[in-house]
Amino acid sequence: MAMGPNGNGNIIELEGVRKVYDTGKVQVEALRGVDLKVRRGEFLTLVGPSGSGKSTLMNILGCLDVPSDGAYHFSGERVNELSLNRLAELRNQQIGFVFQNFNLLPYMSSLENVELPMVFRGVGTRERRRRASEVLERVGLGDRMHHKPTELSGGQMQRVAIARALVNTPSLILADEPTGNLDTASGHEIVDLFEELWKAGHTIMIITHDPNLPMRTERTLHMRDGRLENGNGAH
């Protein structure tokens with residue numbers, strides 16, 4: 001595997017992170033003391049069986065949820081202590097999400113879908129259009145900007161979703177099963193695109209059941225029963 005750029009310092013630091021869900025009748029411990037450090041510029045996969053805690057960990061890393069116990073530092077900020085407004089700012093400005101089901105709005109064009117994160121950030125119309133056009137060109141969809149999701153293939157929809165994740169130049173890209181709904185050829189193209197983005201300096205973590213994907217990344221984290229096996233993961 002080709003080596004990509006390594007950034008300086010850690011973008012993610014988890015120390016003893018636990019997450020407990022109280023259902024009213026019983027407490028479910030989804031994360032059981034997770035320690036993790038991720039360098040800027042790393043390309044990782046997170047694997048594990050269903051129910052192992054992968055989605056819970058991604059929600060915490062993406063500031064969609066906060067730990068019940070332990071500490072999470074993102075780019076030096078202690079996430080546990082942040083206000084809801086600051087958490088929303090982090091999600092919008094520093095974290096790009098890519099989902100298995102694309103999560104595109106069907107009545108909007110590719111361009112309009114990619115513009116959405118900038119709408120929430122208050123970017124002006126002309127600047128939004130310029131940046132969205134540039135990032136769609138970057139992911140190879142310059143000729144599909146005005147197409148709606150129903151007019152695109154699965155692979156093209158995922159490229160739109162990746163463009164949307166990139167448009168605010170995030171510090172971290174989190175991708176949850178990004179090839180799960182794609183045929184094999186389209187899946188390979190999406191992984192190739194992630195590798196290009198990594199080589200351009202992005203920090204990327206992919207949650208996957210695809211047994212071939214970890215062979216493409218620098219490091220694989222194995223999760224089981226709410227814990228990361230092998231400490232911080234195997235290189």
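Positions are given from 1 along the sequence. Note that these values count all heavy atoms, side chains included, but never hydrogens, waters or copies made by symmetry. From a predicted model like this one, the values you see are computed outputs, not experimental measurements.
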Please name all residues satisfying side-chain contact (heavy atoms from CB on, under 4.5 Å) with [X], sequence neighbours left out, ordered by chain then number.
X      : value
Thr45  : Ile206, Thr208, Leu213, Pro214, Thr217, Thr220
Pro170 : Ile173
Thr184 : His188
Glu127 : Val123, Arg130, Arg131

Please list, chain by chain and in numerical order, all residues satisfying salt bridge (Lys or Arg N to Asp or Glu O under 4.0 Å) with [X], sequence neighbours excluded.
X      : value
Glu77  : Arg86
Asp210 : none
Asp183 : none

*asked:* Restricting to non-hydrogen atoms, name the atom on Met58 and the atom on Leu174 that form the minimum distance, rounded to 0.1 Å.
replied: O-CD1, 3.9 Å

_Distance (rounded to the nearest 0.5 Å) between Met205 CE and Leu221 CG_ =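 So the gap between those two atoms works out to 5.0 Å.
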
*What is the distance from atom CD1 of Ile95 to atom CG of Leu61, rounded to the nearest 0.5 Å?*
8.5 Å

Identify, with sequence neighbours excluded, every residue that meets side chain to side chain donor-acceptor pair (under 3.5 Å) alongside [X].
X      : answer
Asp192 : Arg216
Glu115 : Arg128, Arg129
Arg91  : none
Arg144 : none

*Check: Asn113 side chain, Met108 main-chain N or O, donor-acceptor pair, under 3.5 Å*: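 A pair under 3.5 Å: yes.
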
Please tabulate, for side-chain N and O atoms in residues 24-33, each donor-acceptor pair with protein atoms closer than 3.5 Å (sequence neighbours left out).
residue: Glu29; atom: OE2; partner: Arg18; partner atom: NE; Å: 2.9
residue: Glu29; atom: OE2; partner: Arg18; partner atom: NH2; Å: 3.2

*Could you check whether the rings of Tyr72 and Phe74 sit parallel, tilted or perpendicular, using 30° and 60° as the cut-offs?*
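It falls in the perpendicular class, over 60°.
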
